[in-house]
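Some notes on the structure that comes next.
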Amino acid sequence: MLENLKKYHIILASNSPRRRELLSGLGLEFEVKVLPDIAESYPASLPVGEIAEYIAREKAEAYRTLMKHDDLVITADTIVIVDGEVLGKPHDADDARRMLCKLSGKTHQVTTGVCLTTLSQQRHFSVTTDVTFRQLSMEEIDHYIDCYHPFDKAGAYGIQEWIGYVGVTSLNGSYFNVMGLPVQRIYVEMVAF
């Protein structure tokens, strides 16, 4: 299985330190390569459950013309969905506060879309995890925003940070997916190439 992956030059197309850490956990050699200004937009009519996978596929297309014969490019996008609303990355502290107030005391979904692309084939999928937060106080929300600056995280939080320790009461699905990369599913899909 792992021998099969050695024929590929694996490229992680993400600036996320969490995604780098998670992919490293699979014991694979890979390079990080990020193209600037890739759009993360989607059609307004797209069902919320399909958004992350759509964006991951769009990101993959941006790399296709630059790929070599042995490249395997991994693109991903993570969104948070609460009460049917998609929460991306917050614009500022006020937006982060708004998002965390929406998540407080509720169960929400974290969906990561992934696209694995070579010149000859492509696999894409999404993984969804249910996450439940207890009711958070404004003091806790403000402390988290002030100390952890979660502006690069969908839904304005990182489960592996303080807010996850004190706020998450249950999780149904992949913990690593909530961090930003469903590595178990990626591994299964990659060895099938």
Side-chain angles (χ1 to χ4, degrees), residues 12-23 25 34 38-44 46-59 74-115 124-186:
L12 175 62
S14 175
N15 265 330
S16 167
R18 289 163 303 283
R19 287 189 178 135
R20 281 196 296 268
E21 175 189 344
L22 290 169
L23 191 60
V34 181
I38 295 179
E40 295 190 10
S41 58
Y42 54 88
L46 198 64
V48 293
E50 297 176 19
I51 292 170
E53 191 172 336
Y54 176 90
I55 294 171
R57 286 195 329 263
E58 290 294 300
K59 288 178 180 179
I74 302 169
T75 54
D77 190 72
T78 301
I79 61 170
V80 170
I81 305 162
V82 62
D83 298 332
E85 180 185 350
V86 175
L87 304 181
K89 297 173 186 170
H91 304 294
D92 54 27
D94 288 337
D95 198 26
R97 193 171 293 107
R98 176 189 70 81
M99 290 182 184
L100 289 170
C101 285
K102 275 189 161 294
L103 298 174
S104 178
K106 294 182 182 172
T107 298
H108 63 276
Q109 292 70 46
V110 178
T111 299
T112 301
V114 177
C115 192
H124 50 86
F125 56 89
S126 58
V127 173
T128 299
T129 304
D130 291 327
V131 181
T132 303
F133 270 100
R134 68 170 176 76
Q135 194 69 41
L136 300 168
S137 70
M138 284 309 298
E139 182 181 10
E140 290 167 330
I141 290 171
D142 287 340
H143 169 77
Y144 177 65
I145 293 168
D146 292 344
C147 295
Y148 291 87
H149 315 285
F151 308 119
D152 65 335
K153 295 170 177 65
Y157 80 92
I159 195 168
Q160 72 281 7
E161 296 176 339
W162 182 83
I163 200 84
Y165 295 155
V166 304
V168 173
T169 61
S170 69
L171 183 109
N172 184 12
S174 168
Y175 173 79
F176 299 118
N177 179 56
V178 182
M179 283 181 67
L181 204 62
V183 286
Q184 182 275 333
R185 177 73 184 272
I186 287 173

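Ring geometry, Phe151 versus His149: the interplanar angle falls from 30° to 60°, so the pair is classed tilted.
Judged purely by atom type and a 3.5 angstrom limit, Thr129 uses its side chain to pair as donor or acceptor with the backbone of Ser174. Ser104 places a side-chain N or O within donor-acceptor distance of the main-chain N or O of Leu136, the cut-off being under 3.5 Å. Side chain of Asn177 to backbone of Val110: a donor-acceptor contact under 3.5 angstrom is found.
The line from CD of Gln109 to OG1 of Thr128 is 7.5 Å long, rounded to the nearest 0.5 Å. One distance of note links OG1 of Thr112 with CD of Glu53; it measures 11.0 Å at 0.5 Å rounding. Note that CZ of Arg97 is 8.5 Å distant from CD1 of Ile141, once rounded to the nearest 0.5 Å. For the atom pair CD1 (Ile159) and CG (Leu171), the distance works out to 5.0 Å, reported to the nearest 0.5 Å. For the atom pair CG (Asp77) and NZ (Lys59), the distance works out to 4.0 Å, reported to the nearest 0.5 Å. In this structure, CG on Asp92 lies 9.5 Å from CD1 on Ile145, to the nearest 0.5 angstrom.
Side-chain contact between Arg19 and Thr78: present, with at least one pair of heavy atoms (C-beta onward) separated by less than 4.5 Å. You'll find the side chain of Asn172 stays beyond 4.5 Å of the side chain of Thr107, heavy atoms only. In this structure the side chain of Tyr144 reaches within 4.5 angstrom of the side chain of Leu100, judged on heavy atoms. Looking at Phe133 and Val168, their side chains come closer than 4.5 Å, going by heavy atoms from C-beta outward. The side-chain heavy atoms of Met138 and Cys101, taken from C-beta on, include a pair separated by under 4.5 Å. The closest side-chain heavy-atom distance from Val178 to Tyr157 is below 4.5 Å. Between Arg18 and Leu181, the closest side-chain pair of non-hydrogen atoms is not below 4.5 Å. Arg185 has its side chain out of reach of Val114: every pair of non-hydrogen atoms, C-beta onward, lies at least 4.5 Å apart.
In terms of heavy-atom proximity, Ala154 sits nearest to Lys89 at N-CG, 4.0 Å. Contact detail for Gly158 and Ile163: the closest heavy-atom pair is O-CG2, 3.8 Å. Shown here for Gln135 and Glu140, the closest heavy-atom pair between the two residues is O-OE1, 4.3 Å. When all heavy atoms are compared, the tightest approach of Gly113 to Ala52 is N-CB, 3.4 Å. Smallest separation of non-hydrogen atoms from Gly84 and Val48: O-CG1, 3.8 Å. Listed here is the closest heavy atom pair of Phe125 and Pro182: CE1-CG, 4.3 Å.
Listed by first then second residue, pairs satisfying ring pair (Phe, Tyr, Trp, His ring centres under 6.0 Å) with a partner in residues 162-181 read His143-Trp162, not counting sequence neighbours.
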* Asked: When you look at Leu103 and Leu87, which way does the side chain to side chain contact (heavy atoms under 4.5 Å, CB included) test go after all the steps?
  -> CA-CA 10 Å; Leu103 298 174; Leu87 304 181; 4.0 Å; yes
* After noting the C-alpha distance and the side-chain angles of His124 and Thr75, does the key distance pass the side chain to side chain contact (heavy atoms under 4.5 Å, CB included) rule? -> CA-CA 9 Å; His124 50 86; Thr75 54; over 6 Å; no
* To do: Determine, stepwise, if the pair Ile51 / Ile81 fulfils side chain to side chain contact (heavy atoms under 4.5 Å, CB included).
  => CA-CA 10 Å; Ile51 292 170; Ile81 305 162; over 6 Å; no
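Residues Arg98 and Glu85 are paired through a salt bridge, judged by an N-O separation under 4.0 Å between the basic side chain and the carboxylate.
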